[in-house]
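What follows is a single structure, written as structure tokens, with notes after it.
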Amino acid sequence: MSEVYTTTFAGRDVSVKTNYLAGQANGAAMVTYGDTVVLVTAVSLKDKREGLDFLPLTVDYQEKTFAAGKIPGGFFKREGRLNEQEILTSRIIDRSIRPLFPEGYVNETQIIATVLSVDDENDSDVTSMLGTSVALGISDIPFKGPIAGVKVGRIGGQLVCNPTSKEMEESDLDIFLVGRKVPSADGNRDFDVNLVMLEGGAKEVPEDLILDAITFGLESMRPVIELQDRICQAVGKVKRTVEPVEISEDLRKRVKDLVYAGLQEAYLEGRKLERYAKIDDVKQKMIEELSSDDAGLDPKAMLLFEELSREILRSMILVEKRRIGGRSNRDIRTISSEVGILPRAHGSGLFSRGETQALVALTLGTSADEQRMDFIDGEETRTFILHYNFPPYSVGEARFLRGPGRREIGHGNLARRALLPLLPSHEEFPYTIRLVSEVLSSNGSSSMATVCGGSLALMDAGVPVKDTVAGIAMGLLKEGDEVVILSDILGDEDHAGDMDFKVCGTKKGITALQMDIKVDRLSEVILKDALYQAKDGREFIIDKLNETMTAPREDLSIYAPRITTITVKQEKIRDVIGTGGKNIRGIISETGVSMNVEDDGTVTIASNDAKASERAIA
């Protein structure tokens, strides 16, 4: 029999219905927030695949066009592969829940969030995150919830929880954060809400405002977390037991004796590929020593190898206060940058930081090159496009080239968000701008290298950006009361650490940020320290970029189209266009320009030939 549970969230009613749809899933919840309705299902197989040492988790957020009363375009008239918005939401859910499954749980697990109805006031991301937590919470799947998501904006100087899309047009802040219920630290409240994940953009807002927004957002989640407690108490299933991996002391000692000294020596190597080669040598010697003719290598030996690798690196940073390559916790790797290295691109920037290198190329186009995106909540036209590519050679690998993966879509979106607030309005600069970042080498925060290279490419192209933008990836290691915040993390430090925190912006303030946290408690003091250490690092990188270029070029590339804008009276528009477009086609044919006429009488003329533009205007 179905049950409905309700509460008020950001001043609007939200309801959760269980035992109603998808009865064969391990857990299912239909969440209704206004007229936005999302069904979330959670399924985890009972049988494990042999040899797995990780959680094979799949998250798919999908928007059905009938949710908005629309029919899909295209020949087949049905939904196809996930669009960019669906991929980004899938990533947000995945990043939020992945750290909350117990260690050792390796059963294949899938979350599907299906948008069944959508309005223009209640965010389907917020609704989907609540449904995911409920579906996992009432199932027998082990999960360290409940969690909740909330969108925070700032309108007229006031922080707003779950603002409508219309309200967000006036906001200088747009962040989505996820919190998790944890026991109260001081015993004064029933529970605390701890930050799990953060993603968002801003219009050069200061660090203190970000901290206020996080605190505000976490407190706003309390009603829906309390709602989930009621639901799980009423209809929750008994959770599966996760047996801890039993490792004998004999095997633990043998592995440590074989690999510890070798791993310590390997982590003294500063260069990534040389370090990985040394680690691989240590691993191969362990495999040869411990493999038996009958059974091969005990899989538990590999678990111990990974555990010891992480332990050695963490001890090196926390106890010895020394990082790979000998840096301190605040040191940033050697930075170099160049502009104008691609003669026919309209702008280009090459940014290198340590072993991470990104080449960013810029192309200027006309209104005909705008990107038109069709989402269920409406169409979006983009005049600023950023594509991030991560080829296999950037990490010394060889594999088939496929289309962009979810990671590439996510990193490209973060970099685009970082640069967008500094661009001129389309009225000031009527071009379509496309940036393409080719990551040539990667060892930590290639998305932040894309931001830096993108900032240079924009200035090299003569785009009148308002300021220089830079990004930095921060890390954290926490053992008890011992805390070390790391600036400009390597891939190894990210893997062994407790936080991955990317912050982008100008010297004036933050334009984009992304955070994933793996520890249960992250105090406001630690968050503040991380944000201000990131600010110091960001300003250092901006100073380095300014050594290469401090302001946009005065002129566009000779290969870029020149766009001229004129205005004709609205009653004369039909004369410019002519019957069936005859007049405008004649002008284009005679002069070779591109032309576009807007309903308000604005005429844009684009050409690489100034004389051709003059003839078209005449």
I'd like to know if the side chain of [X] and the backbone of [Y] have a donor-acceptor N/O pair within less than 3.5 Å.
X	Y	value
Thr356	Asn443	yes
Ser394	Pro391	yes
Thr432	Thr366	yes

Could [X] and [Y] be called an ion pair, given the rule that one side-chain N must be under 4.0 Å from one carboxylate O?
X	Y	value
Arg91	Glu199	no
Asp125	Lys151	no
Asp492	Arg323	no

May I ask you to check whether over 12 heavy atoms, not counting those of Glu397, lie within 6.0 Å of atom CD?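 Atom CD in Glu397 is packed in, count exceeds 12.
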What distance separates [X] [atom1] from [Y] [atom2], expressed to the nearest 0.5 Å?
X	Y	atom1	atom2	value
Thr114	Gln62	OG1	CD	4.0 Å
Thr511	Asp467	OG1	CG	10.0 Å
Lys272	Leu490	NZ	CG	9.5 Å

Salt bridge (charged side-chain N to carboxylate O under 4.0 Å, His left out) contacts touching residues 501-512 (sequence neighbours left out):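 Listed once each, the pairs are Asp500-Lys502, Lys507-Asp543.
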Do Thr381 and Glu370 meet the criterion of a side-chain donor-acceptor pair at a distance under 3.5 Å?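 The answer is no; no qualifying pair exists.
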